[in-house]
Amino acid sequence: MAGLNPKQEEACSYTEGPLLILAGAGSGKTRVITHRIAYLISEKEVNPYNILAITFTNKAAGEMRERVDSIVGFGAESIWVSTFHSMCVRILRRFYDRLGGKNSFTIYDADDQKAAVKEVLRLLSFDEKQYPIRAMIAAISKAKESFLSPDEYDRQAAGNYRDQNIAKIYREYQKRLRSNNALDFDDLICRTIDLFMQHPDVLELYQERFRYIMVDEYQDTNHAQFVLVKMLAAKYRNLCVVGDDDQSIYKFRGANIYNILNFEEEYPDAKVVKLEQNYRSTSNILNAANGVIANNEGRKDKSLWTENPEGEKVLFTRYEDDRGEAVGVCKRIFELMKEGRGLSEMAVLYRTNAQSRVLEEQMIREDIPYQLVGGTNFYARKEIRDMVGYLKCIANPADDISLSRIINVPRRGIGDTTVTKMRDFAAEQGMSLYDVVVDAGVVPGLGRAASKLEAFAELMQGFRRVAEDGALSVLYADILQKTGYREELEKENTDEARSRLENLRELSNKISDYELHAEQPSLTELLEEISLVADTEEREDGSERITMMTLHSAKGLEFPYVFMVGMEERLFPSGMSLDSDDPDAEEEERRLCYVGITRAKEQLFLSAASRRMVNGNITYPEVSRFIGEIPENLIRMEGKKDSNRGYSGERYYDEWQGSTFRPKPSGAGRKSYLRTQAGGSLQKGMPQQTIIDYTVGDTVKHIKFGRGVVTEMTKGGSDYEVTVRFDTAGEKRMFASLAKLRKV
DNA sequence: GAACCCATCATTTTT
DNA sequence: TGATGGGTTC
């Protein structure tokens, strides 16, 4: 096997029986998985049809698919490369009727779930304050993960009034989902397990099919997923799990680190291969990470090493406050750029999304293009959810949740009172809301709304006819048109409305794209893709931007230059973790820190502020304990020591050349500015290669500062630093590639 | 039904 | 600080 180290090779060629691959950060994990699949097929002559590779995210599945395709060639397409959830959907679409459901079930996402719980609370007259929706969803999810039915949950709650009420909510929620012919994300896993338990013939079918199973990011699996994998692998026992207990950072969403820690107890004959050579980071960075993670107790014994050069020391800087930190980061970015590094080689990582704000503001001031990762999902936007709501209703008329969402959108005179009346009537008669809408005449006391309902029913029936024999894109266009949704937005004529229309066009593109590429396009499958595939706004290639994201989102990525900001007690590690009674909480924060450090290839910049605004309050945080855990000889501290554990903020905002402090842009203006920066519409289609057609003495125009005369140009790295004396804004120094100066 | 005011509340996120 | 949701008023 070409290009693999002995350990990697060992992991690839051990194909029979249970195998645990402990893959440290940057140890070439994906390479091993893909090579192993290739090895199974070419050396062991395993039929690709018998291979299953499970990942967590669609992104990971897509990447693996691509790599497998390129390395395996013939037969690669018959390998199942899939996320847990899409695998289960595929199985349930075929066999859900065996559990008494319809194979055409709808999938409820977080938003639908929320709406369902809200309705349940209303129905049971529970107070949302006492039983917060978020907490209820979490409780239900937890119950499902441990296979507790509402009845069993109730039994366990014996004597606990609150838990008994939660059991009631859970029961009612399940009832609602069942009558709506819907499954939530947890159901997808649990009901598949139910199916396997109740129908051993179905289980056997899949056991026979999946003779070789691989699970990536095994440390992220929850209990239900563990059970599912165990069942599938029970017959042939060719189960290979890959993961890193040190990178387990998703406990809050159910991940159970013991799945990986106790793998050898579960499978006593398991072979364990440790991939400990790191190919990513300098030894200074790697050892800094090792130093931090060594403070955790509950972990598999391993030590990462590298042949990479020592590199620069890790740099820690303490700034006066959060704003100063942002200024300092920007300054460092410019320094790196002067050395010829590009923005796409850099990333800023933080613990909480709220921290991005100050950084964004500063980057806008300094004209540094950035890209935010994470944030609101495309499909979570209101206008998209409305359209998807229509599609869901058309696909599954029993879906009361979606129908309630769109019945009065856009406004058509079917108000809350009417809907409540109909809902109550439906509940009494055991009908679905849609049945009632179609036959509104039977509901007493609807008054004027009756005619509105009739028109609405007519509209929906029309859509259903189009859905039956028309193309999906035609259906979509029809909805947009006939509901008056588009017209209403067009009339509004605001920036926001235009942006919504743009999103609706984007959805139209996605639908056309789906139609074009799907083997057999169907509304059900389209909706499945929409619910299961979060739309991760892919980074546009070629655009030079710095990436900003949470530490969680950074998992699996790497950058030459990494900034970890806000290294402060109670921010990171988070106060919530420190206050929690879970003794593992601090260790999970430390793992998160480990994940962050190991993202860096060349250089790592850590920083903290002495004063920070948190939730509108000024706080004076101490330096994070994690800083002290980095071996002293690997870190350079910038600044003087102060009385407590840390380093005081002696780095004030230094108004250096190029930074341009202007008053904070206000309200809506600022927002739309942010959007153009983050969303990229401003930069789309702009030449990436800057054409410099001006020189000293020329008059140029700047997008914000207006007219000015170039007074100086010096070469800095791959770029030019240009000094311009503006007519109104004074003298500014800036990078040619960022300043977008035009000769006039 | 929309516009406004006040109270409340705050990690991390994918499917 | 700032987003969100509920309640009130016009």
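Heavy-atom basis, side chains included; hydrogens, waters and symmetry copies ignored. None of these values were measured; they are calculated from a predicted model.
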* To do: Under 4.0 Å between any heavy atoms, over every strand shown, what does A:Thr550 touch: base, sugar-phosphate, or nothing? Just pick one.
  => sugar-phosphate

* Asked: C:dT4 P sits how many Å from A:Arg134 CZ, rounded?
  -> 13 Å

* Asked: Are the side chain of A:Glu589 and the backbone N or O of A:Ser574 linked by a donor-acceptor pair below 3.5 Å?
  -> yes

* Asked: CG of A:Asp416 versus C1' of C:dG6: gap in Å, rounded?
  -> 13 Å

* Euclidean distance, atom NZ of residue A:Lys129 to atom P of B:dA10 [Å, nearest integer] -> 11 Å

* Short side-chain donor-acceptor distance under 3.5 Å, A:Asn296 and A:Tyr594 -> no

* Pick base, sugar-phosphate or nothing for A:Ser577, based on heavy-atom distances below 4.0 Å to the nucleic acid. => base

* Touch check for A:Phe185, heavy atoms < 4.0 angstrom, all strands: base, sugar-phosphate only, or nothing? -> base

* Consider the side chain of A:Phe252, meaning its heavy atoms from C-beta on, and name the nucleotide among B:dT13, B:dT11, C:dG6 that approaches it most closely. => B:dT13

* Asked: Expressed in angstrom and rounded to an integer, what is the separation of A:Leu349 atom CG from B:dT11 atom C1'?
  -> 16 Å

* Under 4.0 Å between a Lys/Arg side-chain N and an Asp/Glu carboxylate O for A:Asp244 and A:Lys29? -> no

* Take atom C1' in C:dA3 and the same atom in B:dT14, then report the distance between them in whole Å. => 23 Å

* Atom pair distance, as rounded to whole Å: NE2 in A:His552 and C1' in B:dT15 -> 16 Å

* Atom NZ of A:Lys421 with >12 non-hydrogen neighbours under 6.0 angstrom -> yes

* Under 4.0 angstrom, heavy atoms only, what part of the nucleic acid is A:Asn58 near: base, sugar-phosphate, or nothing? -> sugar-phosphate

* Asked: Under 4.0 angstrom, heavy atoms only, what part of the nucleic acid is A:Lys251 near: base, sugar-phosphate, or nothing?
  -> nothing

* To do: Let me know the distance between CD of A:Glu217 and P of B:dT15, rounded to the nearest Å.
  => 12 Å

* Separation of A:Ile414 atom CD1 from B:dG1 atom P, in whole Å? -> 10 Å

* Nearest whole angstrom, please: distance from the P of B:dT11 to the OH of A:Tyr350. => 15 Å

* Measure from the side-chain heavy atoms of A:His85 and tell me the nearest of B:dT15, B:dT11, B:dG1. => B:dT15

* Counting heavy atoms from C-beta on, name the nucleotide in C:dG5, B:dT13, B:dT15 closest to the side chain of A:Leu532. => B:dT15

* To do: Can you establish whether the number of heavy atoms outside A:Tyr258 located under 6.0 Å from its atom OH is more than 12?
  => no

* Structure fact -> The answer to which of A:Gly415 and A:Gly374 contacts DNA chain B further toward the 5' end, by nearest nucleotide, is A:Gly415

* To do: Over 60° means perpendicular and under 30° means parallel, so classify the ring planes of A:Phe105 and A:Tyr96, tilted if in between.
  => perpendicular

* **Shortest side-chain distance from A:Arg411, nucleotide among B:dT11, B:dA10, B:dG1** => B:dG1

* Report which part of the nucleic acid A:Gln113 touches: base, sugar-phosphate, or nothing (heavy-atom distance under 4.0 Å, all strands). => nothing

* Nearest-neighbour nucleotide for the A:Lys118 side chain, B:dG1, C:dG6, B:dT11 considered -> C:dG6

* To do: Can you figure out which of C:dG5, B:dA10, B:dT13 approaches the side chain of A:Ser553 most closely?
  => B:dT13

* For A:Asn353, which contact category applies under a 4.0 Å heavy-atom criterion: base, sugar-phosphate, or nothing? -> sugar-phosphate

* Asked: Checking all strands, does A:Tyr250 fall into the base, sugar-phosphate, or nothing category for heavy-atom contacts under 4.0 angstrom?
  -> sugar-phosphate

* When you check the phosphate oxygens OP1 and OP2 of B:dT15, does a side-chain N or O of A:Arg253 lie under 4.0 Å from one of them? -> no

